[in-house]
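In what follows, a single structure is set out as structure tokens and then discussed.
Throughout, a chain's letter reflects where its sequence line sits, starting with A, and its residues are numbered from 1.
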Amino acid sequence: MTVMSVSRLRRLPRAFVFGAAILIASVIVATFPSAFAPYDPLAMDYVNLLAPPSAAHPFGTDNFGRDVLSRVIHAYTIDMQIALFATLFPFIFGTIVGAIVGYVGGVTESIFGRVVDAVITFPFLVLVIAIVSVLGPGLINMYIAIGVVGWVFYARIIAAEVKVQKRLDYADAGRAMGYTHARIVFRHLLPNAITPAVVYWMTDMALAILLGSSLGYLGLGAQPPAAEWGVQIADGKNFMATAWWISVFPGFAIVLTGLGFSLLGDGLAEILRGRK
Amino acid sequence: MTRLSLIATTAAVLLSTTSLVQAQERGGVMTYGRYADSMFLDPVLNDANVDIWILSNMYDTLLLPTDDGQSVQAGLATDWNVSDDGLTVTLTMRDGIMFSDGTPITTEDVIWSLDRARNPDNGIWNFLLAAVSEVTAPDDKTIEIKLAQPDPAILPALSVFNAAIMPKAAFEAMPGETDLEKATAFAEKPVGSGPFVFDSWERGSTLKLVKNEHYWADGADGQKLPYLDGVTFEVIPDDATRILRVQSGELDGAELIPFARVKELQDDPNINMELFPSTRVADIIINVRPELDGEPNPLSDVKVRQAMNYAANKDAIIQVVTFGVGTPTSSFMSSTTPLHTGDGPVFPYDLEKAKQLMSESGYPDGFTASILTLAGNQDELGIATALQQMWSQIGITLEIQQVDNATRTEQYRNGTFDMRAGAWTNDIADPNQITSYFAYSPTIDALHSGWKSEEVDKLFEESQSELDTDKRAEQYARIQEVFNQEGPTVLLYETPYPVALQDNVKGFNQIPLGNNIFRETYLEKE
Amino acid sequence: MSMTAFLGRRLLQLVPTLIFILIVVFVLVRLLPGDPASAVLGDRALDADVERINRELGLDRSLPVQFVAFVKQVFTGNLGNSISMKIPVTQLIADRLPITMLLTFMAAVIAVVMAVPLAFVAALRRDRLEDSAIRGAFQVGLSMPVFYVGLILLTVFGAKLRWFPVGGYGDGFLDHLYHLFLPAVTLALSLSAILMRNLRSAIIGVVDAEYVTFARAKGLRANLILFRHILRNALISTLALFGLSIGTLLGGAVITETVFAVPGAGRLMVDSIYGRDYPVVQGLTIALAVLVSVTFLLTDILQAWLDPRVTK
Amino acid sequence: MSDTLLSAQDVSKDFAFGRSLLDVVKGAPIKAVHALNGVSLDVKRGETLGIVGESGCGKSTLARCLVRLHDCDGGRVVYDGTDIATLSGADRRAFNTKVQMIFQDPYSSLNPRMTVRQILSEALRVHNMRPKVEIDARIAELLDLVRLPQDAADRLPHAFSGGQRQRIGIARALAVEPEVLVADELVSALDVSVQAQVVNLLLELQDRLSLTVVFVAHDLRLVRHISHRVAVMYLGKVVEVAPTETLFKAPKHPYTQALLAAAPEVDPTRRTRRVAAKGELPSPINLPSGCLFHTRCPHAFDRCVSDVPQLTPRRPGHVAACHLPDPELP
Amino acid sequence: MTEPILSVRNLTATFGQGASALRAVNEVSFDVMPGEVLGLVGESGSGKSVTLRSLLRLLPVGGHVGGSVSWHGKDIVRMTDAELRAVRGGQISMIFQEPMTALNPVLPVRVQIEENLRAHTQLDRKGRNARAKELMDLVGIPDSARRLDEFPHQFSGGMRQRVMIAIALASDPKLLLADEPTTALDVTIQDQILNLILDLRDELAMSVVLVTHDLGVVAATCDRMAVMYAGRIVEEGDVTQVFAQPRHAYTRGLLGSIPQAGTERSMLLSIDGTPPGLAAIPQGCAFNPRCDFATDICRRTRPHLTGDGHRAACHNSDAVIAAGSPVKKALSHV
């Protein structure tokens, strides 16, 4: 790294640097879990049930005798996936819809307003539970369920921001230049309107992991034997008194990752605010 | 320690009233934690264990199941007799019995109640009294039940909740046109003749019963039953919270303790961790139809099923899932079921034999199959997770599908599932109920598995009117032999009912059929 | 625009929203696999029983016919009877929804009580130690799964310290408050974290606003500037978020209610979805939607009161 | 032949408020801001026409109607003999290249996420102004034209000062080689010293490229400096049009007079303490009857309240809309 | 000679700390005489607004004021909070550029006037009510009784500025600090407000410090003026003198940038380049890179304000004087 880039790095908000560091590390772990995990996360050991943390098993073993550390590490793969996939579709779809709604305005906006009302008035978790019940449990269906609701929030944010942006002169300049609406919306307005949505996206990814864990608690999230933090915590709650390590370590992982996303979001917001 | 003084005062008042009650010999109000609330307190039209298991505290039956759940004892009837041809049951009513509102129990109430219970349009339990053709009262002390054909299970059937005696006049005075409407109104504040009386109900939270002053039975000490002044059921869906409430002393007892916690509570000096014998068996139900989704079904191969049975390490599963509390099943019916045969696991863990059987089967290279488990059910999940690991060694890839109850029931009923985790508890002190469901194909296709054995079907039909106990035992022995070896199941384990009680709770019983019996329960004074 | 016109407009907007919800709920519950009869009767029921009961419930009729019946019911204020519990859905809602409302209300109050002062400290001590500590603590609170926080609170403050009851709902209003305290705290954690963050940045945005400088230029006392000029303006943007979050809380109390054995509407809702108790799911969703809408309306009114520009 | 290139003919434009369902139910009248109320104005080839007025007078709306950023509600805008409202497709794009606009706010008129090169090449590409290979050369030329250094091309707008940004905006407009430039408050957001630079540039470009310029501004001094002719607007109407010198030396409309009197002079020896115009601008939602200025006019009499004054000739090329033939300065 | 009412010496305003600290105002000194209107002129970023705010220590979070501001024998920079509160809004009032943002949008005008009266007068509620109405009348807001209960957004721009002036006048201040009070207003309204301020100055015997970028406003209103560039005063003097004979190249350039009658469609005497940012103030005279008169010394040494009465900080004052005022030849109106 050159001196230039180091000094540039130093100028970035601390929150951003810490958040990015946590998440980069998380992504590396998520990509190569086997390089870090000492055991097969699925291997059961009926002799070593509920073994407390030791040199052999730094985070102990669970009620199937599986190594908790290895499961926490392998869960990175699934949980980072949840964070990404549960929010990616809402982000993309919501952004497109929001951009169009915000740009077109008028009746489209009124109709959109009612749809938003209906979706946010609907009890979110109930809707997700119902959709997962319809489609069957599992991650993909969980993504779909979250996506059906989640896009609305992005669309709202983007629509509001595009509305602000389209009043600015550069939007009119584009029209005066004779550019097409599509070009103005997607080439000009959207790149400028998208930042709050990106900041929200960061928070949303952290929330997605939490939601995944809540659904895991209800048995609707990641399916066994896959390791996922929420499921691990839910599995471990019966052992809080006798084998705290089953739930505490995945808990740490959730908090740490959530922290990473929030810090990154805060930092990002700070950078973007600073630029204005 | 800081508390709001207001709260402290409230607590103090509560405490003082409690200690006042405790001063009485064998009195007190027992608070009992349940995992789910009751839904509908009508003996005939209800459909779930959450109702069944507590109904007998409010509604009395002519006969009562014994504490071991294997036979019957006197209830509202003091004497009973089955004629030699098995076609008439004569019962003598107890003297001076009354409903909790003080009105006497008449033969008219009994006839009406039994007629309602056996009406095929009412509820789903009427089959238990299907053999009955007529109920009459030759005099005001005697009930005569005529049967269309002999039924060896008729006496146990009279001890089942749906045969409870209800006050005809009070029921019919309820608003509404249909039986369902009247029952709905009646069940809001039911009147029966059990040891306790309905007091109040906050749905989803608390159901309060108080002592029935008119209850007929006396305890072994000669005192009138019940000893308790009341029972309060509290609904606490989360297992961990339910246990915490026992540990904090807020509950006197709690049901369905997760097996994972049994050891810990056994070690707790303040808590009496009871394991009541039950008729509960856990198994895997296998769809054995030759084709599924237009594909040949490997599970239809009996060798495959036997291989799966041998490859399932029951001891390991018992360790992992029940934490050593369970025992391997020796038959599809629990060892507490009358006419049970067998001793030790039917298929002792033997991986070599399993591999051998797989290689002899039509699927030596294995296959992929799915298993349905109930979302949120840790036991089923544990079983499936363990089996997933175990069966991978004989080439079977198991996919776990967690689904909610309704989804599972639909797939089950439609016969579109591969496998499902299952558990069974008898409702009647007779083997005919479980066998009818498990092995006898006309009822529900042998657990909707599509399994059919001409021999078993024939044996079962014969046993249904076989009055000779020995002969019936032989028939059942053969049924168990066939089913255990070739049946559509992987037999796993049986478990007791784990109930955590405070040390001072005495005389509580949960019989093998699941009924919670509070009539002799009391809270011992410290 | 006057306040009445503003209210009238907001109320009218409710109509399409509710119709949309009505349709979605109806379709969704009928898309669920498994029918109520099988769900209620369980594994042991015979096919004949299932068919009989579905017929009794009118579920053998065509969907449009069922929908018309359903809409008729809704407009006569009759939401039907619960399939599993047999009693009227309206009665169930009347019993259970107030509990969830109380829980949510307490959670909201607790969240505000926690968030507002700390947001002030964090904003005014921006980027100093206090700020980092407060934000860090709230971040941890936000990242913990609700059921886990609940169990920890129960174990520590209920079972170990015995300051609070271990779940349940209690008898009498004060006892209810006492019982609902821990669940309300659990529910409040994430909300207060979100509010704190939002309010903190709103305060930071307001502190240097020209009208605050003007207020300082008037020689006003610090407290007056803080409350009258800074807080009130900062609250306006946070209030909208607060309203939205209350809606989420109301619908999201499911898990808290399960952990704390609170007999609220959230738990009833999930049980009813699992039990395919169509009338309860439908009725409860509509009741919740109305309630959430009313909450939005109230926050809108509050916002209009705080910010006279809204009704313009 | 009067060489009119662009003209507004009785143009009106309303901005309606959003109507709620309730309004519709109640049958409430549609409320609207009447931004333009019948504006007629010719722009001659090669001239600079100044449009001056205070905020709310509709000058910006008129500018936007001229380039068809707004479609007018009444009347029409004619460019080179064609009603621009009828243009579509390629014709419309051609019109866009012929009549260009430059905007007021140097901070919002450039897309903050596009470099100068991207901004300019987009304009060149979309309208196929140059073959692909010549685009870079053309960008260099344009930068030169507006006196920006060549290394400006690859920087984002936030790297530039306000004055430089306005140059970029001008370069973007010039990229499509327009005949008419409509400049809306081009320099009002700039510091005085920078204003002068941009004004100088505009004058120079107009000469070099024979541009026709519509210069919309509220600063009388600037308009006077730049324009050949000046139109004064009040409440969505043109109240007076005259050659610059005539207008500033002998204004015929009381509003023009007030405007000139109110503008502070850059000469401390000539101060007055007399207030030039009483009162405030009436609401553009409920316009006054008759002459729109009668509520503030020192000369107002009965007729001003009832009759709408038309633009009438006062001298060659000088029209004013006042019932009085020659109102005296008060 | 009368004593100055306010005396500013070596006033500095810094933002941030340590190496990255930025000086927005640098050793500024000036006096304000009783009853006079002093204009602080400069372009954006010149430090004129910050100077004004520093007088009352009204910098945003992170700002720090140095030097001394002596007011009735006391140094405002060193006052306790309580003393400062008495001065702020009491003896010295301030009005701002954009009344829409300077008035609290969520409080009715009445509250915003009353809180000032409550802080600085002994009036009871009734008295405050009466006084509030009186103030609204004083600044020329019609229908004052009713309008007191309206919110800022319900007023027009000009009326809002009047409201702000009414609030500022609540406690009979001896000095009014006005930060670009008319920049956001239209010409005719600006004319009204400036005249209002001058009328009030006469009636209430106040002094006024008026910050503006518009030399026209200075010419029309101020008695004396100080021109600021890059955080420093570069020229100070009687308005007529400065306009007639600027001594600093920057002042001259500024005057030359204004279009004047008689020079239509000719090139304006513009200043090249743009004002420097605070982080990159050139060495020597801060104006030297843009200056036509710059010589070597300008690039090396910072000039000091010199002269008596009409002072300038320019090494080449003589050359500037010789070049003459660009305004002089324009004697026609506008």
Measuring heavy-atom distances to chain C, does E:Q112 have an atom under 4.5 Å in its side chain, in its backbone, in both, or in neither?
both
Is any side-chain heavy atom of C:R216 closer than 4.5 Å to one of E:L56?
no
With a 4.5 angstrom heavy-atom cut-off, is it the side chain or the backbone of E:S93 that approaches chain C, or both, or neither?
neither
From C:D208 atom CG to E:L59 atom CG, the distance as rounded to the nearest 0.5 Å:
10.0 Å
Counting only heavy atoms not in C:F105 (residues, nucleotides, ligands), do more than 12 fall under 6.0 Å from its CZ?
no
If I measure from the heavy atoms of chain E, does C:L124 come under 4.5 Å with its side chain, its backbone, both, or neither?
neither
Check this for me: E:R118, atom CZ, are more than 12 non-hydrogen atoms of other residues, nucleotides or ligands nearer than 6.0 Å?
no
Going by heavy atoms in the side chains, are E:R88 and C:K218 under 4.5 Å from each other?
no
Residue, of E:L177, E:I167, E:L84, that accumulates the most heavy atom pairs under 4.5 Å with chain C
E:I167
Salt bridge check, E:R53 against C:E210: does any charged N sit closer than 4.0 Å to a carboxylate O?
yes
Cut-off 4.5 Å, heavy atoms of chain C, and the answer for E:A119 is side chain
Near E:R78 CZ, under 6.0 Å, is it more than 12 heavy atoms from other residues, nucleotides or ligands?
yes
What part of C:R232 gets closer than 4.5 Å to chain E, counting heavy atoms only: side chain, backbone, both or neither?
side chain
Classify the side-chain pair C:H229/E:E115 by whether it contains a donor and acceptor separated by less than 3.5 Å.
yes
For the residue pair C:F214 and E:M94, what are the closest heavy atoms and their distance?
CE1-O, 3.2 Å
If you compare all heavy atoms of C:Y211 against all heavy atoms of E:N104, which two are closest, and at what distance to 0.1 Å?
CB-N, 3.6 Å
Heavy-atom distances under 4.5 Å only: say whether C:L306 touches chain E with side chain, backbone, both or neither.
backbone
Tell me which of these, C:V207, C:V212, C:L220, has more heavy-atom pairs under 4.5 Å with chain E than the rest.
C:L220
Can you tell which part of C:A209 gets under 4.5 Å to a heavy atom of chain E, answering side chain, backbone, both or neither?
neither
Would you say E:R146 has more than 12 foreign heavy atoms packed within less than 6.0 Å of its CZ?
yes
Crowded around E:Q122 CD? As in, over 12 foreign heavy atoms under 6.0 Å?
no
